[in-house]
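Here is the naming used below: chain letters follow the sequence lines, and residue numbers restart at 1 for every chain.
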Amino acid sequence: MLDKTYQPETVEKKHYEQWESAGAFTCGARGNADPYTIVIPPPNVTGSLHMGHALNNTLQDILIRCARMRGRDVLWQPGTDHAGIATQMVVERQLAEEGKTRHDLGRDAFMDRVWDWKAESGGTITSQLRRLGASCDWSRERFTMDEGLSLAVRKVFVELFKKGLIYRDKRLVNWDPKLHTAISDLEVEQREETGKLWYFRYPVEGEEGTFLTVATTRPETMLADTGVAVHPEDDRFKHLVGKNCTLPIVGRIIPIVADDYANPEKGTGAVKMTPAHDFNDFEVGRRHNLKMVNILDKDACLNDNVPEAYRGMDRHDARKKIVEEMDSLGLFEKVEDNPMTIPYGDRSGVVIEPWLMDQWFVDARTLAGPAISAVEQGRTRIVPQQWENTYYEWMRNIQPWCISRQIWWGHQIPAWFGPDGEIFVEMTEQEAYAAADKFFEGEKVELTRDPDVLDTWFSSALWPFSTLGWPEQTPVLERYYPTDVLITGFDILFFWVARMMMMGLAFMGEVPFHTVYIHALVRDEHGQKMSKSKGNIIDPLDLIDRFGADALRFTLTAQAAQGRDVKLAESRVEGYRNFCTKIWNAARFCEMNECRPVDGFDPASPRLAVNRWIIGKLKEAADGATEAIDAYRFNDIADVLYHFTWGTFCDWYLELTKPVLMGDDEAARTETRATTAWVMDQILHLLHPVIPFITEELYQQLDANRASNLILSTWPELGGNLIDDNATARMDWVVRVVTAIRAARAEMNVPAGARVALQYFGASDQTRGFVDDHRDLVMRLARLESMDAADKIAKGALQIIVDETTFVLPLSGVIDLDAEQARLQKEIARLEGEIEKFEKKLGNEKFVTKAPAEVVETERERLNEATATRARVGAALERIQAAM
RNA sequence: GGGAGCGUAGCUCAGCGGGAGAGCACUGCAUUGACAUUGCAGGGGUCACUGGUUCAAUCCCAGUCGUUCCCACCA
């Protein structure tokens with residue numbers, strides 16, 4: 001017996017364990033079936049589940065469960081990411097609370113500490129994914145710093161280095177003065193701010209009283225100026241090109257050069273050059289052989305390359321002091337407000353400094369080529385397609401990828417330096433020494449390994465094949481690569497998707513996935529991004545606790561329309577929890593009425609119209625769900641199943657069949673029980689990918705003899721002629737008549753409980769047939785006492801027009817004639833509006849000649865129908881008026 | 001500066017070249033047999049604005065306004 005209410009927490013736990021122990025998640029059991037593979041976007045190993053994960057993994061689980069039910073050999077490859085900077089920051093914060101830094105511990109002890117933290121918190125996110133219902137193959141769980149995956153990282157690094165696609169270079173990088181590491185362009189967040197623009201006079205050397213005014217947003221960088229640039233065509237400055245300025249405060253003589261970069265429209269037209277601290281100036285400096293003077297240390301404080309008074313100062317303090325000193329020298333001209341973008345580190349939140357240093361880079365431009373063509377040729381499809389443009393845009397303008405990080409948690413770069421800076425990149429230290437031996441021709445040297453680690457995204461880029469065993473050529477790799485679809489948020493399109501494309505093509509020679517489905521962000525109900533500081537974070541686990549995992553999953557699915565953010569309101573979750581309750585109660589109804597699944601039930605077999613009708617509707621819903629899944633239209637899946645289950649099955653079918661179930665026609669009862677059970681069962685199948693827990697529970701409870709789990713059963717693919725036009729016509733008629741009577745009764749305040757007599761007038765033969773066949777149904781659902789033909793209409797009765805028939809509730813003296821008159825007049829006004837519209841359209845010759853014939857025909861039918869109904873309602877109105 | 005999305009009922013959003021939809025909220029009625037986490041019925045919208053294409057535009061095109069986001073090294 002089913003409990004009176006659905007208890008998610010016990011059911012969810014029970015079935016998840018059952019699925020796992022039944023091996024339902026394990027790949028490879030269906031050796032002959034087509035494989036279907038998804039790799040999970042690996043969450044941060046020390047993180048916890050947020051709404052974005054909940055959405056992302058719900059969508060994956062829907063595809064995975066559906067594919068499994070459709071007979072595929074499914075692999076959902078799970079795992080976690082070491083998330084270098086993020087994880088290291090967490091552990092460093094813990095250390096800070098103990099008053100320590102990582103340097104107090106030293107590298108090895110610090111690494112142990114992070115591994116401990118990983119061991120402690122690493123299970124959180126995976127257990128939360130289980131609570132969500134994610135049917136990952138946990139036996140294959142991987143971590144980006146596993147031995148095998150680390151081997152893959154080294155192998156890729158070494159091979160790319162040997163091909164010249166990874167190189168070490170001295171360039172300006174984005175330096176994070178708080179985290180003390182370089183970061184990639186993608187990790188820099190540009191923020192719009194109102195800054196200032198200061199105008200300074202630089203004396204021209206040897207020309208007393210002549211000044212060149214430059215404008216700058218960063219006064220402190222003037223200490224590193226090594227030139228001034230003007231545009232070659234700028235007549236104001238032509239005569240100064242080739243001369244020098246004396247850099248105030250510092251006293252350095254710096255050249256005035258002509259370069260196209262200088263924009264006559266910007267600032268004063270003369271721009272100071274700071275090649276060691278500005279990306280543009282760096283390029284100009286290269287072109288003109290300007291000196292590179294680095295004035296910052298790793299904390300972004302001024303170093304010994306500046307006048308003594310400034311040494312050790314913070315960059316912000318230095319700015320103030322520079323402006324003051326320039327002012328006191330009479331070289332400060334003015335200051336203006338200036339809207340500008342300032343670079344911030346996305347993790348640290350501090351202003352990033354361009355800093356000149358040696359780092360490792362990937363030649364992304366070369367790797368991007370094949371990744372661009374793969375999408376152009378459709379070997380990988382991006383859904384929704386508009387994201388392809390974004391992908392192309394970025395890939396075609398891709399910059400060298402800075403992959404070295406000055407942190408400890410991550411994959412240490414397999415590069416060893418010799419005594420004079422020679423670089424040996426090898427898989428192991430042993431091989432590095434061997435290479436060094438060869439290089440130094442037997443001379444014994446000491447090698448030191450590069451202390452830096454790789455950008456986290458370097459290892460994530462290998463995820464689709466490193467998790468499957470690469471570089472070994474394993475059967476699993478052979479079978480499941482390339483994967484089928486990748487599901488991810490647009491926020492990591494560049495970070496991750498683009499890089500997987502590059503690495504997959506470079507090392508596997510094949511795209512990593514055929515389809516990339518990009519979903520939106522989950523926001524709060526007002527469209528605000530969820531953040532700790534705003535305090536508007538909704539915790540998925542909290543919602544699961546309160547409403548059940550299924551309710552949360554259904555909500556996310558129903559809102560996952562392509563190309564739009566998901567705005568999550570708790571009222572929605574509550575609404576879909578109610579949907580789960582509805583299903584539960586429908587199942588209880590089945591149980592109470594002994595609607596048990598019948599083995600080998602043939603959906604073409606029922607004879608009763610109501611049964612043939614619901615089977616037809618079910619087929620439509622099932623086809624709709626399948627189409628929606630294949631098109632990644634997740635919200636449509638939810639929508640079509642919601643409306644079929646609640647609106648069609650519960651609200652109509654279960655009500656329509658009650659008379660049969662309670663009647664004494666044994667054959668009809670048996671057929672209806674079997675049909676009800678079968679449709680219920682199909683509903684459970686169709687809903688299972690979205691709401692796996694409650695459907696599994698009901699599937700098992702509704703038939704104690706079931707040998708297998710719903711998770712492993714077969715997706716409904718209903719063939720052939722299950723849609724019966726005759727059954728549809730009659731049942732749709734019943735629905736129409738019942739609805740019309742109910743509406744009229746409600747509007748005219750006929751007491752809901754009152755059983756009233758109904759007469760019908762002017763019915764066609766077909767309608768009379770429908771009445772004869774379905775009289776009991778209409779009487780029951782519309783609360784009628786009787787239903788008889790009449791040859792005239794009683795005076796002052798309530799009249800309801802459906803199609804050609806006038807239904808009459810002879811309530812003379814009971815109903816309010818004025819109200820009835822008003823009701824009919826309103827109906828007439830509506831009909832006349834329609835008629836006018838149709839007539840105007842059909843009176844337009846261009847419409848009749850140019851529009852498709854079937855459209856014209858439809859409009860004609862509508863006009864005829866409206867006209868006929870108008871006449872009948874008019875007659876009804878006259879009768880009422882006669883009675884007044 | 002470049003690009004993209006969005007603007008439809010009070011709120012959150014589907015839809016989309018030929019009769020404006022859902023959920024929630026709101027109003028009225030209904031409680032002894034699946035379900036009040038319910039049922040029945042109802043109110044509510046110049047589909048942002050202006051032009052254009054078309055027999056026909058909420059839908060396609062252009063522009064405007066508003067809004068969100070992405071990319072970009074501009075003193």
Side-chain angles (χ1 to χ4, degrees), chain A residues 2 4-6 172 185 190 197-199 214-218 221 229 261-263 266-274 278-283 338 340-341 343 354 384 386-387 389-390 393-394 397 490-491 493-494 520-521 523 525-527 529 547 551 555 558-559 561 563-572 574-593 635-636 639 642-643 650-651 654-655 658 738-739 742-747 749-753 781 783 834 837-838 841 844-852 854-856 858-859 862 866:
Chain A
L2 286 167
K4 198 159 160 68
T5 53
Y6 173 53
L172 278 183
D185 296 344
Q190 303 287 344
L197 190 59
W198 286 269
Y199 289 77
V214 296
T216 179
T217 55
R218 303 199 55 196
T221 62
Y261 166 71
N263 183 343
K266 289 263 165 81
T268 62
V271 55
K272 67 192 226 23
M273 286 294 116
T274 320
D278 182 282
F279 289 97
N280 292 308
D281 296 2
F282 180 78
E283 297 302 326
N338 185 47
M340 53 195 292
T341 54
Q386 79 217 28
W387 288 106
N389 288 327
T390 311
E393 186 60 28
W394 190 70
N397 297 300
F490 65 81
D491 49 332
L493 181 62
F494 305 144
L521 244 49
R523 297 169 177 277
E525 62 185 303
H526 305 296
K529 210 166 168 173
F547 300 109
T555 308
Q559 305 228 113
R564 196 158 194 152
D565 287 342
V566 174
K567 291 182 191 161
L568 190 74
E570 198 173 294
S571 60
R572 277 275 176 134
E574 196 179 337
Y576 292 123
R577 186 271 322 266
N578 295 352
F579 177 57
C580 293
T581 308
K582 189 76 183 176
I583 299 167
W584 186 261
N585 283 309
R588 287 182 66 217
F589 177 85
C590 291
E591 188 181 53
M592 286 174 193
N593 287 282
N635 57 318
D636 284 353
D639 190 66
Y642 182 94
H643 286 106
C650 291
D651 287 348
L654 292 186
E655 295 301 327
K658 276 178 184 171
V738 168
T739 304
R742 281 170 175 171
R745 285 179 62 135
E747 201 169 339
N749 293 316
V750 177
L781 296 180
R783 295 211 163 230
E834 272 187 21
K837 216 168 69 187
F838 295 141
K841 227 173 180 181
N844 181 349
E845 188 154 344
K846 284 181 177 171
F847 170 71
V848 179
T849 51
K850 292 201 173 179
E854 53 186 59
V855 172
V856 176
T858 312
E859 295 297 300
R862 283 178 188 158

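In this structure, A:L493 places its CG atom 16 Å from P of B:A4, rounding to the nearest Å. For A:E845 and B:U54, the CD to C1' distance is 17 Å, given to the nearest whole Å. Atom-to-atom, CZ of A:F589 to P of B:U37 comes out at 20 Å; the value is rounded to the nearest Å. In this structure, A:N635 atom CG and B:G23 atom C1' are separated by 13 Å, rounded to whole Å. Protein atom CZ of A:R742 is 18 Å distant from nucleotide atom P of B:C29, rounded to whole Å. Rounded to an integer number of Å, the gap from A:Y6 OH to B:U37 C1' is 14 Å. The CG-P distance, from A:L521 to B:C13, rounds to 13 Å in whole Å. A:L568 places its CG atom 18 Å from the P atom of B:G23, with the value rounded to the nearest Å.
Nearest-nucleotide assignment on RNA chain B puts the 5′-proximal partner with A:A558, out of A:R783 and A:A558. Taking the nucleotide of RNA chain B with the nearest heavy atom to each of A:K850 and A:T5, the more 5' of the two is matched to A:T5.
Distances shown here put every side-chain N or O of A:K837 at or beyond 4.0 Å from the OP1 or OP2 atom of B:G18. Between A:R572 and B:G23 there is no side-chain polar atom (N or O) within less than 4.0 angstrom of OP1 or OP2. For the OP1/OP2 pair of B:U38 and a distance below 4.0 Å, the side-chain nitrogens and oxygens of A:N578 include at least one atom meeting the criterion. In this model, the phosphate group of B:C55 is not approached by any side-chain N or O of A:K846 to a distance below 4.0 Å at OP1 or OP2. The phosphate of B:A34 has OP1 or OP2 within less than 4.0 Å of a side-chain N or O from A:K658.
Nucleotides B:G18 and B:U58 place their P atoms 10 Å apart, quoted to the nearest Å. The separation of B:G10 from B:C47, taken at their P atoms, amounts to 12 Å, rounded to a whole angstrom. Nucleotides B:C24 and B:C61 place their P atoms 34 Å apart, quoted to the nearest Å. Look at the P atom in both B:C13 and B:C69: the space between them is 14 Å, to the nearest Å. Only the P atoms considered, B:C26 is 35 Å distant from B:G17, to the nearest whole Å. For B:G15 and B:G7, the P atoms lie 10 Å apart once the distance is rounded to whole Å. With C1' as the reference atom, B:A56 and B:A34 are 48 Å apart, rounded to whole Å. Atom C1' of B:G45 sits at a distance of 33 Å from the matching atom of B:G3, rounded to the whole Å.
Among the heavy atoms of the strands, none lies under 4.0 Å from A:P751. Note on A:D651: only backbone sugar-phosphate atoms sit closer than 4.0 angstrom, heavy atoms only; bases stay farther off. If you check every strand for non-hydrogen atoms under 4.0 Å, A:G269 touches a base. Note on A:C590: nothing from the nucleic acid sits closer than 4.0 angstrom, heavy atoms only. Residue A:A262 is in base contact, counting any heavy-atom pair closer than 4.0 Å across all strands shown. Using a 4.0 Å heavy-atom criterion, one finds that A:T217 contacts the sugar-phosphate atoms exclusively.
Residue A:R745 comes nearest to A:P751 through the heavy atom pair NH2-O, 2.9 Å, listed as atom of the first residue, atom of the second, then distance. The shortest non-hydrogen separation linking A:V271 to A:A262 is CG1-CB, 4.0 Å.
Of the candidate nucleotides B:A34, B:A72, B:C55, B:A72 has the atom nearest to the side chain of A:T341. The A:K4 side chain lies nearest to B:C35 when the options are B:C35, B:G39, B:G19. Of the candidate nucleotides B:A34, B:C70, B:U12, B:A34 has the atom nearest to the side chain of A:E655. When each of B:C69, B:C55, B:A34 is scored by its nearest atom to the side-chain atoms of A:K582, the top-ranked nucleotide is B:A34. Side chain of A:Y642, nearest nucleotide from B:C55, B:G23, B:G18: B:G23. Side-chain proximity of A:A746 to the nucleotides B:G19, B:A41, B:C69 is greatest for B:A41. Among B:G19, B:U37, B:C71, the nucleotide with an atom closest to any side-chain atom of A:F494 is B:C71. Here the side chain of A:R588 is nearest to one of B:C55, B:A30, B:C35, namely B:C35. For A:A743, the side-chain atoms get nearest to B:G42 when compared with the rest of B:C55, B:C69, B:G42. With B:C55, B:G19, B:A34 as the choices, the nucleotide that has an atom nearest any side-chain atom of A:K841 turns out to be B:G19.
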Base-pair map of RNA chain B as dot-bracket, where | denotes pairing with a different strand and pairs are Watson-Crick or G-U under 3.5 Å | (((((((..((((....[..)))).(((((.......))))).....(((((..]....))))))))))))....

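Contact annotation: the side chain of A:T581 never approaches that of A:Y6 to less than 4.5 Å [non-hydrogen atoms, C-beta and beyond]. Looking at A:K658 and A:N593, their side chains never come closer than 4.5 Å, going by heavy atoms from C-beta outward. A heavy-atom distance below 4.5 Å is found between the side chains of A:M273 and A:Y261. Put simply, the side chain of A:L197 does not reach to within 4.5 Å of the side chain of A:M340, judged on heavy atoms. In this structure the side chain of A:L493 reaches within 4.5 angstrom of the side chain of A:T390, judged on heavy atoms.
Not one N or O on the side chain of A:R742 forms a donor-acceptor pair closer than 3.5 Å with the backbone of A:R783. Between the A:E834 side chain and the A:A866 main chain, no donor and acceptor come within less than 3.5 Å of each other.
For A:R588, there are no salt bridge (charged side-chain N to carboxylate O under 4.0 Å, His left out) partners at least two apart in sequence or on another chain.
Classification of the A:Y642-A:F579 ring pair by plane angle, with boundaries at 30° and 60°, yields tilted.
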